[in-house]
Amino acid sequence: MSVLEIKNLHVDVETDQGSREILRGVDLLINEGEIHAVMGPNGSGKSTLAYTIAGHPKYKVTQGEILLDGENVLAMTVDERARAGLFLAMQYPVEIPGVTVTNFLRTAKTAIDGTAPSVRTWVKDVRESMTNLRMDSNFAERNVNEGFSGGEKKRNEILQLELLKPKFAVLDETDSGLDVDALKIVSEGVNRAEANTGLGILLITHYTRILRYIHPDFVHVFVAGRIAEQGGPELAERLEEEGYDRFLEPAAK
């Protein structure tokens with residue numbers, strides 16, 4: 001069974017005012033097949049956690065470990081992390097002019113697996129996933145995210161998730177900017193990927209609406225760079241009713 005383990009993680013980021021500590025000792029254990037929701041107010045460190053796992057150079061780990069099946073993730077380059085089975089769906093997916101969705105997906109799949117997928121099987125899988133995500137077939141020949149709407153960009157992220165089949169997926173506010181219909185489609189894609197591969201999911205969100213469609217096994221409340229509370233799905237329901245006020249007052253002292 002694959003395991004993603006975060007131990008006493010401290011992370012700094014450079015700002016105009018100098019180095020600032022964002023994560024202040026995060027401990028988290030995710031087994032394959034588990035869905036963990038990380039919730040919290042703006043500025044609490046949720047996205048910092050996501051980008052640190054992925055290997056963004058802006059974030060400096062000053063203490064702690066990230067382990068994937070016992071292997072030191074922090075010693076890996078970004079592409080090595082992807083090949084090891086880590087996937088990040090970004091809150092703001094970037095545009096890649098000059099690179100079509102088809103070429104991007106096939107190149108990524110080849111890099112991860114070490115061999116190019118069979119053309120016949122690959123074309124079938126891509127078409128099936130695009131159909132499930134309500135993506136028009138012409139998207140395959142468009143440049144990655146160029147001119148895409150917010151919802152189209154998020155669907156393209158989940159298309160990658162379904163086809164690349166990682167061990168663990170970090171979904172950084174995948175629900176932001178989505179209308180109800182797009183949210184359902186994206187959520188269905190995440191659930192389908194989990195059901196088909198048994199991947200572990202770290203779902204970062206401000207709101208509980210996506211949790212109506214993607215049901216977490218565990219919920220973690222992030223405040224001031226730490227996990228302030230954790231529990232089951234009932235914790236998300238409590239946050240929906242009460243908000244984060246009860247966490248913010250002690251954190252500000």
Side-chain angles (χ1 to χ4, degrees), residues 1 3-6 9 22-53 87-92 133 150-151 154-155 157-158 161-162 166 168-253:
M1 175 180 287
V3 179
L4 179 62
E5 188 171 7
I6 299 166
L9 189 65
I22 303 296
L23 300 186
R24 299 178 172 88
V26 176
D27 293 286
L28 193 58
L29 179 69
I30 305 174
N31 294 302
E32 66 176 73
E34 293 179 349
I35 300 176
H36 291 246
V38 171
M39 306 183 69
N42 282 326
S44 58
K46 303 185 302 299
S47 290
T48 295
L49 176 62
Y51 285 103
T52 301
I53 293 171
F87 176 91
L88 172 66
M90 294 180 284
Q91 181 179 359
Y92 303 108
L133 289 165
K154 296 301 177 73
R155 288 188 226 186
E157 294 279 277
I158 304 308
L161 174 65
E162 288 201 66
F168 292 94
V170 180
L171 310 181
D172 185 22
E173 299 196 33
T174 298
D175 52 339
S176 66
L178 297 182
D179 60 27
V180 173
D181 291 334
L183 179 63
K184 288 181 180 179
I185 292 168
V186 164
S187 298
E188 287 170 0
V190 173
N191 289 330
R192 194 162 48 245
E194 192 280 326
N196 290 337
T197 67
L199 82 163
I201 296 172
L202 181 62
L203 174 63
I204 294 171
T205 183
H206 282 297
Y207 309 108
T208 58
R209 63 176 193 152
I210 194 171
L211 304 184
R212 299 169 190 162
Y213 307 105
I214 302 173
H215 302 126
D217 301 295
F218 306 94
V219 175
H220 311 271
V221 183
F222 240 57
V223 178
R226 297 185 180 93
I227 294 177
E229 187 172 338
Q230 47 196 350
E234 71 283 349
L235 179 54
E237 296 174 7
R238 184 177 179 187
L239 291 172
E240 175 79 1
E241 296 175 359
E242 301 177 359
Y244 298 108
D245 286 350
R246 66 190 177 94
F247 298 105
L248 295 178
E249 290 181 2
K253 293 179 180 179

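In this chain, residues are counted from 1 in sequence order. Worth knowing before you read on, the calculation uses all heavy atoms, side chains too, and leaves out hydrogens, waters and symmetry mates.
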Across all chains, not counting sequence neighbours, the side chain to side chain contact (heavy atoms under 4.5 Å, CB included) partners of Ala193 are Leu161, Glu162, Leu199
Examine distances only and state if a side-chain atom of Arg226 and a backbone atom of Arg24 form a donor-acceptor pair shorter than 3.5 Å. yes
Correct closest heavy-atom pair for Ala182 and Leu178 would be CB-CD2, 4.0 Å
Determine whether a donor-acceptor pair (N or O, by modelled atom type, separation under 3.5 Å) exists between the side chain of Lys46 and the backbone of Gly40.
yes
So, the side chain of Lys154 versus the backbone of Ser176: is there a donor-acceptor pair under 3.5 Å, distance only?
yes
Applied to residues 187-214, the ring pair (Phe, Tyr, Trp, His ring centres under 6.0 Å) test, sequence neighbours excluded, yields none
When every non-hydrogen atom of Leu88 is compared with those of Ala50, the smallest separation belongs to CD1-CB, 4.0 Å
Rounding to 0.5 Å, atoms CD (Glu229) and CZ (Arg238) come to a distance of 6.0 Å
Shortest non-hydrogen pair, Ile227 vs Leu28, comes out as CD1-CD1, 4.2 Å
Task: Minimum side-chain heavy-atom gap Thr208-Met39 below 4.5 Å - done: yes
Between Gly200 and Ile30, the two heavy atoms sitting closest are CA-CG2, 4.4 Å
For Thr205, the side chain to side chain donor-acceptor pair (under 3.5 Å) test, sequence neighbours excluded, returns Asp175
Problem set entry | Pairwise side-chain contact, Glu173 with Tyr92, heavy-atom cut-off 4.5 Å (strictly under) | no
Just by modelled atom types, is the Ile35 backbone N or O under 3.5 Å from a matching donor or acceptor in the Asp217 side chain? yes
Do Leu211 and Leu203 make a side-chain contact, defined as non-hydrogen atoms from C-beta onward lying under 4.5 Å apart? yes
